[in-house]
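Just the heavy atoms: all of them, side chains too, but no hydrogens, waters or symmetry mates, feed the values below. Just so we're clear, the structure is a prediction, and the values are computed from it rather than from any experiment.
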Amino acid sequence: MLNAVAGLVAELRAVGLPLSPTEHIDAAQALGQVPIENRAAVKAALAATLVKNPDHVKAFETVFDLYFSPGTEREPGAPETSASTIGALSDEEILGLLYRAVRDSDQVMMRAIAAQMVTRHAGMEPGRPVAGTFYLFKALRPANLEGMLERLRAEAAEAAAGGQVSALEERLADEEYAELIDQFRAEVESEIRRRLVADRGAAAVARTLRRPLPEDIDFLNASRVEVEVLRDALRPLARKLATRLARQRR
């Protein structure tokens, strides 16, 4: 565990986070205050000691996934839905299952479907020195997440028009659906990283994932990858601003 923390800190420094030796020590000590088997608690403890700027959260989460890959154990309270059960379904059935999982905010099912989408569609090649962006594109392409989001929003709008929900509830549903779609995309990305780490090791994968922090990007001369970093950083802010504007209008 301490070796994983050391690797995490080293990689965070490599991507530009200003971490001192004291903060490294604080992170190691923080692990003594949480149950090691609880990945969420470990992540929260390390984030509290290593992340001082909200713009660095995305970088931390990416590197954390490399050095603390999620295990395959079933979480407490999770349904007995095995990968083999989902694997027996057709692509059309899986996408229908994903639609219902997003609509019902079933995060356990979303995680299981994410793994199946990677298995079926990513076409991962052992030993290939890539960051996984192409794998992510291939895994998500059959899902048509933008189209799925439009369907969910249309369903919410229909319910509002029929008086089943209020305009405010429709707006909140829109925001929640967008967040869940983003979460599913993140689950697929995390699954790809987990498999890349299992294939090549965390350090090798980390070198392919290094991207500049948002505040270090010259946006007038930004590359496509750097523009993606900026979009990731700005998307949550855009949603907050949209929500505040909606409240002011009401």
Side-chain angles (χ1 to χ4, degrees), residues 1-78 105 107-108 110-111 114 131-132 175-176 178-194 196-198 201-203 205-217 228-241 243-244:
M1 181 64 72
L2 291 180
N3 288 338
V5 173
L8 173 74
V9 170
E11 185 57 30
L12 289 174
R13 286 172 177 158
V15 299
L17 269 69
L19 298 178
S20 67
T22 300
E23 288 168 324
H24 185 174
I25 294 172
D26 290 343
Q29 292 178 338
L31 293 183
Q33 309 302 317
V34 298
I36 298 300
E37 69 279 3
N38 186 327
R39 184 171 180 271
V42 170
K43 183 176 183 179
L46 292 176
T49 53
L50 297 176
V51 181
K52 302 299 187 295
N53 186 325
D55 291 336
H56 299 167
V57 171
K58 179 66 175 179
F60 169 80
E61 290 179 343
T62 298
V63 178
F64 179 86
D65 282 347
L66 296 178
Y67 286 87
F68 295 84
S69 298
T72 57
E73 298 82 2
R74 186 172 63 90
E75 296 182 5
S105 190
Q107 299 183 21
V108 174
M110 287 167 55
R111 191 173 301 119
E175 293 293 328
E176 183 178 7
E179 289 179 5
L180 288 167
I181 289 291
D182 282 348
Q183 182 178 332
F184 177 74
R185 185 181 287 108
E187 290 287 358
V188 174
E189 188 174 15
S190 179
E191 178 66 18
I192 290 171
R193 287 188 191 128
R194 185 188 68 78
L196 288 174
V197 169
V205 175
R207 285 193 293 271
T208 68
L209 286 173
R210 289 176 186 169
R211 296 191 289 183
L213 298 171
E215 65 265 33
D216 295 329
I217 295 175
E228 290 176 0
V229 173
L230 287 172
R231 284 176 177 160
D232 288 343
L234 291 174
R235 189 177 292 114
L237 176 60
R239 286 187 185 148
K240 289 180 181 178
L241 291 174
T243 301
R244 289 181 182 177

> Looking at side-chain heavy atoms only, is the closest gap between Val42 and Asn38 below 4.5 Å?
Replying inline: no
>> As an exercise, state the distance from OG1 of Thr243 to CD of Glu175, rounded to the nearest 0.5 Å.
In response: 4.0 Å
>> Which heavy atom of Met110 sits nearest to which heavy atom of Leu180, and what is that distance?
In response: CE-O, 3.3 Å
> Of the non-hydrogen atoms in Ala203 and Tyr67, which two are nearest, and what is the gap between them?
Replying inline: CA-OH, 3.7 Å
> Say you draw a straight line from NE2 of His24 to OG1 of Thr22; how long is it, rounded to the nearest 0.5 Å?
Replying inline: 11.0 Å
>> Less than 4.5 Å apart, side chain to side chain, heavy atoms only: is that true for Leu8 and Phe60?
In response: yes
> When rounded to the nearest 0.5 angstrom, what is the spacing between CG in Leu196 and CD in Glu191?
Replying inline: 10.0 Å
> Hey, are the side chains of His56 and Pro18 touching, using non-hydrogen atoms and a 4.5 Å cut-off?
Replying inline: yes
> Atom CZ in Phe64, atom CG in Leu50: separation rounded to 0.5 Å?
Replying inline: 10.5 Å
> Looking only at heavy atoms, what is the nearest atom pair of Ala202 and Val197, with distance?
Replying inline: N-CG1, 3.8 Å
> How far does CD of Gln183 sit from CD of Glu176, to the nearest 0.5 angstrom?
Replying inline: 10.0 Å
>> Less than 4.5 Å apart, side chain to side chain, heavy atoms only: is that true for Lys43 and Glu61?
In response: yes
>> Between Glu23 (side chain only) and Ser20 (backbone N and O only), is there a donor and an acceptor less than 3.5 Å apart?
In response: yes
> Looking only at heavy atoms, which two atoms of Ala30 and Thr49 are closest? And how far apart?
Replying inline: CB-CG2, 3.9 Å
>> Please determine whether salt bridge (charged side-chain N to carboxylate O under 4.0 Å, His left out) holds for the pair Arg185 and Glu189, giving the CA-CA distance in whole Å, both sets of side-chain angles, and the decisive distance to 0.1 Å.
In response: CA-CA 6 Å; Arg185 185 181 287 108; Glu189 188 174 15; over 6 Å; no
> Is there a donor-acceptor contact under 3.5 Å from the side chain of Arg13 to the main chain of Leu19?
Replying inline: yes
> Quick one: does Leu17's side chain get under 4.5 Å of Asn53's, heavy atoms only?
Replying inline: no
